[in-house]
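For this chain, numbers begin at 1 and follow the sequence in order.
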Amino acid sequence: MGKSRVLIIGATGNLGHQLAKASLQSSHPTFALVRDSAFSHPHKRQILQTLSDAGATLLEGSIEDESSLVEAMKQVDVVICAVSSKQVLDQKPVIKAIKRAGCIKKFIPSEFGLDPEKTQMSDLDHGFYSRKAEIRHLIEAEGIPYTCISCNFFMNYLLPSLVQLGAKTPPMDKVTIFGNGNVKGVFVKQSDIAAFTISAVDDPRTLNKVVYLRPPGNVYSMNELVELWESKIGKKLEKVYVTEEELLKKIKETPFPDNMDMVFIYSAFVKGDQTYFDIEASGGVDGTQLYPHQKYTTISEYLDTLLEEK
């Protein structure tokens, strides 16, 4: 049996581009749905040219145009959507088109992050996760075969500052730790997320499942992150602890969307939304156990690259 033909929606975005590259590297016939306007955008045009040169087929269309969606889907077996989190509900026409096309063996929606069914944030997130959950429920209700990828944090989010609000680089003197600092979060590099996702495309073990990514070496508490960074810079940092109550107060006082970084920090490093549950007991599958040969960048290796920039 040959490899599935894969359609990427959102191939000019950061993750979408990585997904398309990983699909091509794994020898999947790879298609990208591209809106007309992308060709007049220099950066997007360059990405599309690179993908095309690597063997991807560019199909003109958009998620607002159902007939172009159905047309594109008739040429493939698997659809991967990588639209931004702001556009999550725009996947409804995609679901409709999958139903109409009737030939899609698997849909991987744009969930990529922590599992929206597992958050314990009592509506602090302005519907960020409920919108993702809504799409998942719709896919299940329509009986569409799916795989959801729960990769937790992207490595280029929050980690470059060692989870310091408003900072772009890691601290060299003083560090803020949220909560007691012992709750673990997960960071995975986008190119690694893409590689794990593509590994799941033709894997029957991932059908109608959530694939969780918690690679060993990528699951750290804030205290562990600080300790690791201290060992790399050869000095101790002054630690300032912010309690759960103080963080919640700050979240509520800060207008949306400026408070979202705090919301995500609260979710991961205070409530433990990324790690509090057992993967298998929750009915999910562990991506690093399914694909033990898949190489990935660890947090320690990533922090080394930040040292080089100092």
Side-chain angles (χ1 to χ4, degrees), residues 10 13-16 18-19 22 78-85 87-89 91 106-121 125 127-140 144-159 183-201 203-220 260 263-292 294 296-299:
N14 292 334
L15 181 61
Q18 296 294 344
L19 285 161
V78 172
V79 176
I80 305 178
C81 197
V83 295
S84 78
S85 51
Q87 290 179 280
V88 161
L89 291 181
Q91 294 178 101
K106 187 180 278 186
F107 177 41
I108 299 178
S110 187
E111 208 167 273
F112 305 105
L114 70 88
D115 184 340
E117 304 281 14
K118 299 281 191 278
T119 62
Q120 319 163 84
M121 282 193 303
D125 66 340
F128 185 88
Y129 289 113
S130 63
R131 288 191 290 274
K132 290 187 172 190
E134 185 182 335
I135 290 297
R136 193 195 287 185
H137 296 159
L138 187 56
I139 293 164
E140 289 171 339
I144 291 169
Y146 70 90
T147 297
C148 289
I149 307 293
S150 177
C151 59
N152 301 302
F153 283 139
F154 290 176
M155 214 168 241
N156 62 356
Y157 176 68
L158 293 176
L159 196 57
V183 179
K184 292 178 193 276
V186 184
F187 292 92
V188 189
K189 199 173 176 184
Q190 280 170 307
S191 53
D192 298 334
I193 294 163
F196 279 111
T197 302
I198 297 302
S199 298
V201 160
D203 186 347
R205 296 172 297 177
T206 65
L207 188 62
N208 300 334
K209 294 275 186 187
V210 181
V211 177
Y212 294 94
L213 300 184
R214 289 183 197 167
N218 293 47
V219 184
Y220 272 72
M260 286 305 281
V263 169
F264 294 133
I265 290 169
Y266 172 73
S267 164
F269 291 107
V270 177
K271 300 301 282 182
D273 285 346
Q274 298 179 343
T275 53
Y276 74 87
F277 57 93
D278 178 77
I279 290 173
E280 267 146 34
S282 77
V285 287
D286 184 327
T288 35
Q289 283 181 12
L290 290 183
Y291 315 113
Q294 185 60 58
Y296 57 87
T297 300
T298 64
I299 283 176

Can you tell me how far apart [atom1] ([X]) and [atom2] ([Y]) are? Round to the nearest 0.5 Å.
X: F112; Y: F154; atom1: CZ; atom2: CZ; answer: 7.5 Å
X: L213; Y: D286; atom1: CG; atom2: CG; answer: 8.0 Å
X: T197; Y: Q190; atom1: OG1; atom2: CD; answer: 11.0 Å
X: L138; Y: Y146; atom1: CG; atom2: OH; answer: 12.5 Å
X: N156; Y: N14; atom1: CG; atom2: CG; answer: 7.0 Å
X: M121; Y: D273; atom1: CE; atom2: CG; answer: 6.0 Å

- Starting from the C-alpha separation in whole Å, work towards a yes-or-no answer on side chain to side chain donor-acceptor pair (under 3.5 Å) for T206 and K106. CA-CA 10 Å; T206 65; K106 187 180 278 186; 2.7 Å; yes

Close side-chain approach of [X] to [Y], heavy-atom, < 4.5 Å:
X: F264; Y: F153; answer: yes
X: E117; Y: H137; answer: yes
X: T297; Y: D192; answer: yes
X: I80; Y: V201; answer: yes
X: P109; Y: I139; answer: yes
X: R136; Y: V210; answer: yes
X: S267; Y: D125; answer: no
X: E111; Y: P116; answer: yes

Minimum heavy-atom distance between [X] and [Y], given as atom pair plus value:
X: R214; Y: T288; value: O-OG1, 3.9 Å
X: P216; Y: T298; value: O-CG2, 4.5 Å
X: F107; Y: Q91; value: CZ-OE1, 3.9 Å
X: C151; Y: V188; value: O-CG2, 3.6 Å
X: Y291; Y: S199; value: OH-O, 3.4 Å
X: S191; Y: Q18; value: CB-OE1, 3.4 Å

- Message: Donor-acceptor pair, distance only, cut-off 3.5 Å: does the side chain of N152 make one with the backbone of F187?
- Response: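 No; zero donor-acceptor contacts below 3.5 Å.
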
- Message: My understanding is that only one of L19, L15, I108 makes a side-chain contact (heavy atoms from CB on, under 4.5 Å) with I149; could you say which?
- Response: I108

- Item | side-chain contact (heavy atoms from CB on, under 4.5 Å), paired with Y129, selected from V263, D115, T119, V88 | T119

- Query: According to the interplanar angle, ranging from 0 to 90°, do the rings of F196 and Y296 count as parallel (below 30°), tilted (30 to 60°) or perpendicular (above 60°)?
  - Reply: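 It falls in the tilted class, 30° to 60°.
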
- Query: Without hydrogens or angle criteria, can the side chains of Y212 and Q274 be said to hold a donor-acceptor pair below 3.5 Å?
  - Reply: no

- Task: May I ask you to decide whether D203 forms a salt bridge with K209, counting only side-chain N to carboxylate O separations under 4.0 Å?
- Result: no

- Message: Taking NZ in K118 as the centre, count heavy atoms belonging to other residues, nucleotides or ligands within less than 6.0 Å. Is the count above 12?
- Response: yes

- Task: Please report the C-alpha distance between V270 and I265 in whole Å, then the side-chain angles of each, then the deciding distance to 0.1 Å, and finally whether the side-chain contact (heavy atoms from CB on, under 4.5 Å) criterion is met.
- Result: CA-CA 7 Å; V270 177; I265 290 169; 5.6 Å; no

